[in-house]
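Working notes, structure below.
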Number of protein chains: 2
Amino acid sequence: MTTYAPQEAAARTGVSIDTLRYYERIGLIDDVPRTTGGQRVYRDDHLNWLGVLTCLRRSGMPVREMRRYAELARDGEATEDERLRILEEHREAVLASMAELRQALRVVDEKINWYRSRRSA
Amino acid sequence: MTTYAPQEAAARTGVSIDTLRYYERIGLIDDVPRTTGGQRVYRDDHLNWLGVLTCLRRSGMPVREMRRYAELARDGEATEDERLRILEEHREAVLASMAELRQALRVVDEKINWYRSRRSA
DNA sequence: CGTTGACCTGGAGCGCACTCCAGGTTGCAC
DNA sequence: GTGCAACCTGGAGTGCGCTCCAGGTCAACG
C-alpha cells in the first residue's frame with residue numbers, strides 16, 4: 001500500500017501542504033493517519049479524493065458546498081441521493097459558467113478584431 | 001442625450017451603486033459628471049463602458065488588469081497595440097478556463113452517472 | 001417650505017480561500 | 001548521536017472584490 005509524505009501528496013495533487021492541512025481542518029478531508037511521531041501519511045484514496053475536490057473547486061464549487069458533499073460522503077450510502085442532487089446542481093452551475101465565458105469570448109473577439117482592423121488600416 | 005441617475009445606471013448595467021462608485025474610485029471609470037449639487041449623472045457611453053467591464057470581469061479578468069486596460073483607454077490611440085495585447089492574453093485565459101470547466105464537467109458527469117446507476121440498481 | 005427618498009463621502013467591514021508564521025518536534029542520513 | 005530538512009500546531013495575516021455604514025446633502029413633489 002503506497003503512502004505519501006505531505007510534500008509528495010502536495011506534489012501529486014497540485015494542492016499546497018498548507019491547503020492540505022486547511023482542507024483537513026475544515027473537514028474536506030477525513031483525519032489523515034499519522035506516524036507515531038504525529039506526521040501525516042497520505043494514501044491513494046486520499047489522493048483520489050483530493051482529485052475530486054480539486055475538480056469541484058476548479059469548476060467553481062464553493063468550499064462550503066464541498067464541505068457538505070464531504071460530510072455526506074462520510075455518512076455512507078444513505079446520502080447518495082443527496083450527493084447526486086448536489087452534483088446535478090453543480091453541473092448546471094458549470095454549464096452556466098461556460099455559457100457566460102462563451103458570451104464574454106464573443107465580445108472579446110469582437111474587440112480584438114476591431115483593434116486589429118484599426119492597426120492594419 | 002439620455003442621462004441616468006445612479007440607480008438607473010445600476011439597474012441597466014447589473015452593477016450595484018456601491019460598485020459603480022468603487023469602480024470610479026479605483027479608476028475603472030473616468031470621473032462621472034455631476035449635477036450642480038454633486039450627484040452623478042451617467043450617460044450612454046458610461047453604460048457601454050460598464051458593459052465592457054462586466055464582460056471582462058465575469059470572464060475572470062482581475063480588477064488590477066482591467067484598471068490597466070482602462071488607464072490605456074484613457075490615454076488614447078497610441079495605446080491600442082497594448083490594449084490589443086491585453087485582450088489577446090485575456091482571450092487565452094478565457095479559453096483556458098473553458099477547457100478547465102469542460103474537463104471538470106466530464107468528471108462530474110461521470111460521477112453523476114455512477115450515482116444514477118447505483119440508484120437504479 | 002417641508003418632507004422624503006435618493007444621493008454624497010470617507011472609511012470600516014466582510015466573506016472567501018487560502019497562506020504564512022513562530023516556536024517547537026520528528027525522522028532520516030551520515 | 002548529530003545535523004538538518006521536513007513536519008507539527010494554533011493562530012494571525014493576506015488579497016480580492018466588493019458591501020455597508022454614519023452622518024450629512026440634494027432634488028422633486030405637493
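Quick note on labels: first sequence line is chain A, next is B, and so on, each numbered from 1. Not measured: the values here are computed from a predicted model.
Salt-bridge annotation for A:R85 and A:E88: absent, with no side-chain N of the basic residue lying under 4.0 Å from a carboxylate O of the acidic one. Salt-bridge formation is detected for the pair B:E80/A:R118: a Lys NZ or Arg NE/NH1/NH2 atom is positioned less than 4.0 Å from an Asp or Glu carboxylate oxygen.
For A:R116, the CZ atom sits in a packed shell: over 12 heavy atoms of surrounding residues, nucleotides or ligands are nearer than 6.0 Å.
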Using a cutoff of under 3.5 Å, can you pull out all pairs of nitrogen or oxygen atoms linking the protein to nucleotides 26-29 of chain D, with atom names and distances?
residue	atom	partner	partner atom	Å
D:dC26	O4'	B:Q39	OE1	3.2
D:dA27	OP1	B:T35	OG1	2.9
D:dA27	OP1	B:G37	N	3.4

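Using modelled atom types and a 3.5 Å distance limit, the side chains of B:R83 and B:Y69 yield no donor-acceptor pair.
Contact annotation: A:R67 side-chain N/O to C:dA17 OP1/OP2 distance is not under 4.0 Å. Contact annotation: A:R40 side-chain N/O to C:dT25 OP1/OP2 distance is not under 4.0 Å.
Within the structure, side-chain hydrogen bond (donor to acceptor under 3.5 Å, both in side chains) pairs that include any residue of residues 94-112 of chain B comprise A:R91-B:D109 (at least two apart or interchain). Pairs engaging residues 34-54 of chain A under the salt bridge (charged side-chain N to carboxylate O under 4.0 Å, His left out) rule: A:E24-A:R34, A:E24-A:R40 [sequence neighbours left out].
What separates CD1 of B:I17 from P of C:dA6 is a distance of 9 Å, to the nearest Å. Note: CD (A:E65) to P (C:dA17) measures 11 Å, nearest angstrom. Distance B:L20 CG to D:dC20 P: 14 Å, rounded to the nearest Å. Summarising the geometry, the separation between CD on A:E24 and C1' on D:dC7 is reported as 13 Å, rounded to the nearest angstrom.
In plain terms, the two heavy atoms of B:P33 and B:H46 that are nearest each other are CD-CE1, 3.6 Å. For the residue pair B:L28 and B:L53, the shortest heavy atom distance occurs at O-CD1, 3.8 Å.
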Going 5' to 3' through nucleotides 10-18 of chain D and flagging B where a protein heavy-atom sits under 4.0 Å of the base, S where only the sugar-phosphate is that close, and - otherwise, we get ------SBB
Going by atom type alone, with no hydrogens or angles, which donor-acceptor pairs under 3.5 Å involve a side-chain atom of residues 57-66 of chain A and a protein atom two or more places apart or on another chain?
residue	atom	partner	partner atom	Å
A:R57	NH1	A:M61	O	3.1
A:S59	OG	A:C55	O	2.7
A:S59	OG	A:L56	O	3.0
A:S59	OG	A:H90	NE2	2.8

Begin with the C-alpha distance, continue with both residues' side-chain angles, and end with the deciding distance and a verdict on salt bridge (charged side-chain N to carboxylate O under 4.0 Å, His left out) for B:E8 and B:R12. CA-CA 6 Å; B:E8 182 74 12; B:R12 286 181 187 250; 2.7 Å; yes
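The stretch residues 4-14 of chain A touches DNA chain D through A:A5, A:P6, A:Q7, each having a heavy atom within less than 4.0 Å of the strand.
Residues B:W114 and B:L105 do not share a hydrophobic cluster, defined by chaining ILVMFWY side chains whose heavy atoms lie under 4.5 Å apart.
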